[in-house]
Each structure stands twice: as C-alpha cells, then as structure tokens.
Amino acid sequence: METHDEIIYDSEGYIRIYKSGRVERFSGNEFVSPSTDPTTGVSFKDTTIVPGISARLCIPKIDSDKKLPILVHFHGGAFCLRSAFELILHNFLVSLVARCNVVAVSVQYRLAPEHPIPAAYEDSYATLDWVLSQSNNRTEPWLVKHGDFTRLYVSGESSGANMAHHTAMYGGTKIQGAVLIQPYFLSSKEVKSDKFNPEMTKNLVKIWKIVCPSTTGVDDPWINPLAEDAPPLATLGCKRVLVLVGGADPLRDRGKAYYEKLKESEWKGEVKYWEAPGEAHGFYVFNPKSEVSVAQDLIIADFVNKI
C-alpha cells in the first residue's frame, strides 16, 4: 500500500524526493563564504537580486581600468540540486573567471520541486533584467566599474545551459552571446549518446517530469528547444553561441543537434561547437584543474573576449 511519504525519486548520494513534497538533498550543501582566492586573485561577494534570488559576484585580479565582459552564469543540477555558494561551483568559477578575465554573476535561483518549473526561468529573467538595469541604476559597483554592458553573455552547465538558452531567447539583442556547457535537453527522438549511460538517461527523463509537473513531456519546449512548437531558433537575438559537450556524456548528441539546427536555421549569428574527447557529464566541475577542463576554459575565454 502506498504511503503519503512514498519515495518518487531517489538519486543515491544526491537527492531523494517524496510524494508528500519532502526533499532530502545530500549534495550541494557544502557552502563556502565569499573571499579572495590567494592563488588567482579572483574575488567574490554575494548580493541580493530581488527577494528570493541572490547571486555570487566574481571578478578577476584587476590590473587596469579596462572594462571586462559580463558573464551571467546558471549552475547545473537538474533544476533541483546545487548552489551558487557551494564549494565545487566556487572552485569551478575561480578557474573560469581567472582564465576568461570576466566579471561573473553566478545565480542562486529557486530550486524545484519546492519551486516547480518555470520558477528557475523566471529567476533567470529577473537576474538578467537586474544586470541590465545596473548600466543606469549603478548600485552594484563591481558591475558598474569593471563590467562592459555591450559584452554581456549568459552561460550555464547542464540545466543551467538550458536556462542560458531560454534567457538568451528572452534577452534578445541585449545579450551578445550564450555559452551552453553540456546542455540538458531532451527529446522523444532517441540518439546514440543515450546509450552511453542508460540509467542516467532514464533519470534525466524522470526528474524532468518531477521538477516540471505541468510538462507535456520530453518534447515540451522548455526541455526540447528543437520541438515542433518551440520558438524558432532563428529568433535568437544574440549574435554568438558556443555549444560545448563531453564525448562520453549521454547528453552529447542533444547538444550537437542543437548546434546543427541553429547552424542550419535562418539565424544570422555565429555558432561554434567544441567537444571534450571521452569526458563524462560535469567533468569540469569535479576536476576544474584537469588538462581538458583548462582547455574548455580557454575555448570559452577566446569566445567571450572576441571583439
């Protein structure tokens, strides 16, 4: 007999979700205070965007008055895990900001299932609006003093890359470009990379239906930007998109299909693609100092610093 507290999703070591709505998270709870990294000189501070949404701001070691690109970043975690303030994402951003020489805004958006989709998207739009407002309001000194609002990018990993796509669609021409790292996209059409890790593929479908209980399924435009009723990719307002995938990631072919469809569309921008050979999902977060993680950072650095 079912009980009110029946487990409806259990990812060992990460998250357990109950039918009652109770959630137990076993990952992403190790927070680190904002500080200055002694090795790279990257500095952090936290701020409130609007009530319920906060962010960790990151700047590299500043040695000139030159304005830097602004990178609004959304963390991964299937919309239900991770934090902008946790240790592994903090370390990932140290490497990324130092190598890319950007001002980063790492967003602490509301997590599902307590805040079902589209809450995360609403938070990403609100953050973008807040960042854009700083060019006039001038209340956040790091952005005002060091950020170049004409070189504004959105980025994210996994579900965060999904959010970056939708935020780019929302932001239109106000955004220069988007960086999608191993994007969490689904589809009813099977792809070869699904077989790389069938259990993970199955869980990605299952958790989507939990974090977005109103979904129509895996061809919902929120999770499948190539769906028939999704907004046309040609309507992207930004000028440039970078898609990065892992060669051993079950989501690899979804990201590649996005790149190919965008390239074939009537969109007038520039799209680039890069694949990390043999790498699984999230390799750059778990080991940001590895040779291939450094290579990925440098690809992103080249992309966002292109004038």
Side-chain angles (χ1 to χ4, degrees), residues 4-11 13-31 46-57 72-90 93 105-133 154-171 180-186 203-225 230-231 282 285:
H4 188 58
D5 233 13
E6 172 193 359
I7 296 172
I8 59 172
Y9 185 82
D10 192 357
S11 179
Y14 289 95
I15 190 170
R16 184 176 297 139
I17 302 171
Y18 294 82
K19 190 174 182 179
S20 66
R22 183 163 63 96
V23 179
E24 294 176 330
R25 290 183 175 87
F26 310 107
S27 177
N29 301 318
E30 186 182 358
F31 292 177
D46 297 340
T47 191
T48 298
I49 306 299
V50 297
I53 314 171
S54 54
R56 176 152 290 183
L57 304 185
V72 180
H73 186 79
F74 308 107
H75 66 79
F79 302 100
C80 62
L81 277 170
R82 300 296 180 200
S83 165
F85 309 132
E86 69 171 298
L87 182 60
I88 63 169
L89 193 69
H90 179 92
L93 284 169
V105 181
S106 181
V107 186
Q108 179 73 358
Y109 54 88
R110 290 172 294 167
L111 297 178
E114 298 95 327
H115 305 281
I117 297 296
Y121 299 111
E122 293 166 354
D123 293 356
S124 70
Y125 303 161
T127 301
L128 178 64
D129 290 340
W130 177 83
V131 171
L132 288 167
S133 76
V154 292
S155 68
E157 351 99 34
S158 192
S159 55
N162 174 306
M163 293 171 64
H165 159 75
H166 287 288
T167 307
M169 294 292 285
Y170 168 82
L180 311 186
I181 307 171
Q182 296 187 320
Y184 177 20
F185 296 145
L186 298 175
N203 284 336
L204 287 169
V205 172
K206 185 175 182 180
I207 193 61
W208 168 248
K209 295 177 180 178
I210 293 172
V211 300
C212 186
S214 64
T215 188
T216 56
V218 294
D219 287 321
D220 184 328
W222 284 126
I223 198 66
N224 182 7
V285 172

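Fair warning: this is a prediction, and the values are worked out from it, not measured in the lab.
V205 is listed as a side-chain neighbour of L186, based on a closest heavy-atom distance under 4.5 Å. By the 4.5 Å heavy-atom criterion applied to side chains, M163 and D123 are not counted as neighbours. Between I207 and Y184 the shortest side-chain heavy-atom distance falls below 4.5 Å. For the pair I15/V23, a side-chain contact is recorded, criterion being any heavy-atom separation below 4.5 Å from C-beta on. For the pair V285 and E157, the minimum side-chain heavy-atom distance is below 4.5 Å. Residues I17 and I210 are in side-chain contact: their nearest non-hydrogen atoms beyond the backbone lie under 4.5 Å apart. With a 4.5 Å cut-off on side-chain heavy atoms, P113 and Y9 do not count as touching. With contacts defined as side-chain heavy-atom distances shorter than 4.5 Å, the pair F31/H90 does not qualify.
A donor-acceptor distance shorter than 3.5 angstrom exists from the side chain of T215 to the backbone of G217, with no hydrogens or angles considered. Side-chain N or O atoms of R25 include one that pairs as donor or acceptor with a backbone N or O of C80 at under 3.5 Å.
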Q. Run the side-chain contact (heavy atoms from CB on, under 4.5 Å) check on T167 and V72 step by step: do they pass?
A. CA-CA 10 Å; T167 307; V72 180; over 6 Å; no

Q) Could you go step by step and tell me if E24 and Y18 meet the side chain to side chain donor-acceptor pair (under 3.5 Å) rule? A) CA-CA 9 Å; E24 294 176 330; Y18 294 82; 3.1 Å; yes

Q: With side-chain contact (heavy atoms from CB on, under 4.5 Å) as the test, would you mind laying out the steps for L89 and S106 before giving the verdict?
A: CA-CA 9 Å; L89 193 69; S106 181; 3.8 Å; yes

Q) Can I49 and V107 be said to form a side-chain contact (heavy atoms from CB on, under 4.5 Å), step by step? A) CA-CA 9 Å; I49 306 299; V107 186; 5.6 Å; no

Q: Report the C-alpha separation of F79 and L111 in whole Å, then their side-chain angles, then the decisive distance to 0.1 Å, and conclude whether the side-chain contact (heavy atoms from CB on, under 4.5 Å) test is met.
A: CA-CA 6 Å; F79 302 100; L111 297 178; over 6 Å; no

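Here the closest heavy-atom approach between residue L128 and residue G171 is recorded as CD2-CA, 3.7 Å. A pairwise comparison of heavy atoms in S83 and Q108 identifies OG-OE1, 3.1 Å as the closest pair. Heavy atoms only, all atoms of each residue included: P231 and P221 are closest at CD-CB, 4.4 Å. Among all heavy-atom pairs drawn from R110 and A119, the shortest one is NH2-O, 3.6 Å.
Checked against the 6.0 Å centroid criterion, the rings of H75 and Y109 qualify as a close aromatic pair.
Using a cutoff of 4.0 Å between basic side-chain nitrogens and carboxylate oxygens, R82 and E86 are scored as salt-bridged.
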